[in-house]
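This structure is in structure tokens; I'll ask about it shortly.
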Amino acid sequence: QVQLVESGGGLVQAGGSLRLSCAASGRTFSNYNMGWFRQAPGKERENVARISWSGAITSYADSVKGRFTISRDNANNMVYLQMNSLKPEDTAVYYCAAGPKLIWSKDMDYWGKGTLVTVTT
């Protein structure tokens with residue numbers, strides 16, 4: 001089992017920045033690819049960003065490219081999502097997730113409970 005706890009959400013004005021953090025515990029963190037997902041009210045959950053187990057490979061949704069950056073610290077079992085130039089449409093609950101390192105996929109095995117990000121005009 002991998003336990004994931006997100007933090008860093010909150011209320012921010014459009015154009016502002018937030019950094020989300022995800023603390024992992026349980027099994028060996030570096031055995032997992034990690035991802036950030038979000039779900040806005042009335043919408044399906046979408047993958048925002050993913051990072052490979054080593055950090056060498058990243059991918060982003062088109063809607064956040066150039067604004068969001070995913071990173072990880074394997075020594076401290078942390079993954080981050082730096083969000084800049086936030087827009088009201090970024091408002092959602094953001095979830096951290098972990099998937100097996102040998103499969104580069106949006107399908108994840110473990111999920112956190114989420115942190116709410118609200119972007120106001």
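Computed from a predicted model, the values in this text were never measured in an experiment. Just so you know, residue 1 is the first one in the sequence shown, and it goes up from there.
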Q. Is there a donor-acceptor pair under 3.5 Å between the side chain of Asn47 and the backbone N or O of Ala61?
A.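 No.
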
Q) CE/Met34 to CD1/Ile51 distance, rounded to the nearest 0.5 angstrom? A)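 It comes to 9.5 Å.
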
(Q) Given Asp90, which partner from the list Leu18, Thr118, Val119 fulfils the side-chain contact (heavy atoms from CB on, under 4.5 Å) test? (A)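 The side-chain contact (heavy atoms from CB on, under 4.5 Å) with Asp90 is passed solely by Val119 among Leu18, Thr118, Val119.
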
Q) Within the distance-only criterion (no hydrogens, no angle test), does the side chain of Thr28 pair as donor or acceptor with the backbone N or O of Ser30 below 3.5 angstrom? A)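 No; judged by distance alone, with no hydrogens or angles, the pair does not exist.
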
Q) Can you check whether Val93 reaches Thr115 side chain to side chain, under 4.5 Å on heavy atoms? A)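 With C-beta onward as the side chain, the pair stays apart.
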
Q | Where Ser52 and Ala56 come nearest, the two heavy atoms and their spacing | A |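 Closest heavy-atom pair between Ser52 and Ala56: OG-N, 3.2 Å.
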
Q.
Which label fits Phe68 and Tyr94: parallel for a plane angle under 30°, tilted from 30 to 60°, or perpendicular past 60°?
A.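 Ring orientation of Phe68 relative to Tyr94: tilted.
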
(Q) On a heavy-atom basis, which atom in Pro100 and which in Asp109 lie closest, and how many Å separate them? (A)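 Taking Pro100 first and Asp109 second, the nearest heavy atoms are CD-OD2, 3.1 Å.
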
Q) Out of curiosity, Ser54 OG to Asn74 CG, how far, rounded to the nearest 0.5 Å? A)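 It comes to 8.0 Å.
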
Q | Side-chain heavy-atom pair Ile70, Val79 within 4.5 angstrom cut-off | A |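 Yes, their side chains come closer than 4.5 Å.
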
Q.
Atom CD of residue position Glu89 - does it have more than 12 heavy atoms of other residues, nucleotides or ligands inside 6.0 Å?
A.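 Yes - once you tally the heavy atoms of other residues, nucleotides and ligands closer than 6.0 Å, there are more than 12.
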
Q) Is there side-chain contact between Ser59 and Trp104, with at least one heavy-atom pair below 4.5 Å? A)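 A side-chain contact under 4.5 Å exists here.
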
Q | Pairs involving residues 76-87, ordered by first then second residue, that meet side-chain hydrogen bond (donor to acceptor under 3.5 Å, both in side chains) (sequence neighbours left out) | A |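 The answer is Ser17-Asn84, Asp73-Asn76, Gln82-Asn84.
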
Q. Sub-3.5 Å donor-acceptor pair from the side chain of Asn33 to the main-chain atoms of Arg50, do we have one?
A.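 Such a contact is absent between Asn33 side chain and Arg50 backbone.
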
Q. Is Met78 reachable from Val48 through a run of I, L, V, M, F, W or Y residues, each pair having side-chain heavy atoms under 4.5 Å apart?
A.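 Looking at the clustering, Met78 is in a separate group from Val48.
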
Q. Between Ala24 and Leu4, what is the shortest heavy-atom contact and its length?
A.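 In this case the closest contact between Ala24 and Leu4 is CB-CD2, 3.6 Å.
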
Q. Is there side-chain contact between Tyr60 and Lys65, with at least one heavy-atom pair below 4.5 Å?
A.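 Yes; the side chains approach each other to less than 4.5 Å.
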
Q) Do you know which two heavy atoms are closest between Pro88 and Thr121, and how far apart they sit? A)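 Minimum heavy-atom contact is CG-CG2, 3.6 Å.
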
Q: Mind checking the OH-CZ spacing from Tyr95 to Arg45? Nearest 0.5 Å is all I need.
A: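 The distance works out to 7.5 Å.
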
Q: For residues Ser21 and Trp36, report the shortest heavy-atom separation together with the two atoms involved.
A: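 In this case the closest contact between Ser21 and Trp36 is O-CH2, 3.6 Å.
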
Q: List the atom of Arg38, the atom of Ala92, and the distance in Å for their closest heavy-atom pair.
A: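 Minimum heavy-atom separation between Arg38 and Ala92: CB-CB, 3.8 Å.
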
Q | From Leu81 atom CG to Thr69 atom OG1, the distance as rounded to the nearest 0.5 Å | A |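 If I round to the nearest 0.5 Å, the distance is 8.0 Å.
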
Q: Examine Arg72 relative to Phe29 and say whether NZ or CZ is less than 6.0 Å from the centre of the six-membered ring and inside a 45° cone about the ring axis.
A: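 Flagged: Arg72 positioned over aromatic ring of Phe29.
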
Q) If you measure from CD on Gln3 to CD on Gln1, what distance do you get to the nearest 0.5 Å? A)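 So the CD of Gln3 and the CD of Gln1 are separated by 6.0 Å.
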
Q: State plainly whether the residues Lys113 and Glu6 are in salt-bridge range, i.e. N to O under 4.0 Å.
A: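 Salt bridge: no.
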
**Q.** Phe37 side, atom CZ; Met108 side, atom CE - distance, nearest 0.5 Å
**A.**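 Those atoms lie 4.0 Å apart.
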
